[in-house]
Amino acid sequence: MRIEEAKILAALPELGTELRREVSLAELTSLGIGGTTDLLRILRHEAIPSLLKLLDQQGVPHKFLGGGSNLLVVDGELPFVVLQLVKGEPEISLDGNVATVDAAADLGRTVTFCAKNNLGGMEGLIGVPGTVGGALRMNAGAYGIQIGSYVREVKVYRAAERKIEILRGEQISFEYRHTSFAPDDMMLAVKLELPSKPYPEILQGIRICNEKRRSSQPLGQKSAGCIFKNPPGGSAGRMIDELGLKGFSHGDARVSERHANFFVNAGQASAADMLALIADVRERVQRAYGITLENEVVVWNA
Ligand code: EPU
């Protein structure tokens, strides 16, 4: 989608927002799949309510992009514009055991920064790609920990109220790969309260998690992490593997040989290839186990 409305174009500088034309989402997502659209890069949180009001008034549909690491975007010219936060300065600041982190900060760098300052707890998240905002929105987790456990406070643009609010951790429900935020809410910053631990001890935990991840996940390949959520008490990866589907493909969309719940773009996969693979594998698991796997990956269709 191309922004043509003069009112929007004229207002962008005072709203602290940069326009980039015809950006390819394939370049902004870890799967390397997705069509083109205009990208609005937001430099000032405070401008967000006015910017979104203007887009709505002018009838311009929009979606928020975090780090693009858990996202499958359709091909072609996209029927919406994309908004992305530009990292604030400083990205992370510390006050005792509380780290205030910009939502656009990289999750891995945040874990490392906190570790170097003797703040632990998030070791398991070290290899999870994407931004802190993205991790927060879906309550990212790995190796027994989830980011929601450390949230003291979140600064969020609430789409329904059209305003920026500060929510306390207790006001948010964090479940397995799910939070009580509305789909259109936009994470802006978070305060994480982390346990004190000596750096060498945290580093040891980080090394162990890195090693486990390296040995079980296809890290060098284009993927969106796990495609399906695990069903209660089960493992999507194990079920897909048991069905002999490692290497199974639709076009260049392929079930990873290393971890069956990772689907990789092995070349020039289209969104249609990936969606067909997801639907096919879901159906096979349903037939064999009577379980309907739910997407973990977020799909932007329209
Ligand atoms: N397994 C297989 N074959 C496979 C993959 C896994 O048999 O191809 C078996 C493993 O041997 C193990 C069990 O399935 O016994 C679980 O596998 P794993 O330990 O790899 O964990 P997972 O449940 O598949 C979850 C998260 C990952 C997270 C890891 C580590 C989900 C959907 N996935 O994977 O998160 O990194 O645990 O904690 O919850 C993600 O969210 O994108 C993600 C990758």
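Keep in mind it's a predicted model, so treat the numbers as computed, not measured. All ligand and atom numbering here is 1-based and tracks the order in the structure.
Looking at every heavy atom in both residues, Asp273 comes nearest to Asp252 through OD2-N, 3.8 Å.
Take Asp280 and apply the salt bridge (Lys or Arg N to Asp or Glu O under 4.0 Å) test, not counting sequence neighbours, and it matches Arg284. Partners of Glu91 according to the side chain to side chain donor-acceptor pair (under 3.5 Å) rule, which considers only residues two or more places apart in sequence or in another chain, are Arg109. Residues forming a salt bridge (Lys or Arg N to Asp or Glu O under 4.0 Å) with Glu296 (at least two apart in sequence, or on another chain): Arg177.
Taking 4.5 Å as the limit, every side-chain heavy atom of Gln84 sits out of range of all side-chain heavy atoms of Leu40. Using a 4.5 Å heavy-atom cutoff, the side chains of Leu85 and Ile48 are in contact.
Under 4.0 Å from any atom of ligand 1, one finds heavy atoms of residues Ala142, Tyr143, Tyr176, Arg177, Arg213, Gln217, Gly225, Cys226, Phe228, Asn230, Ser235, Gly237, Arg238, Asp241, Lys246, His259, Ala260, Asn261, Phe262, Glu296.
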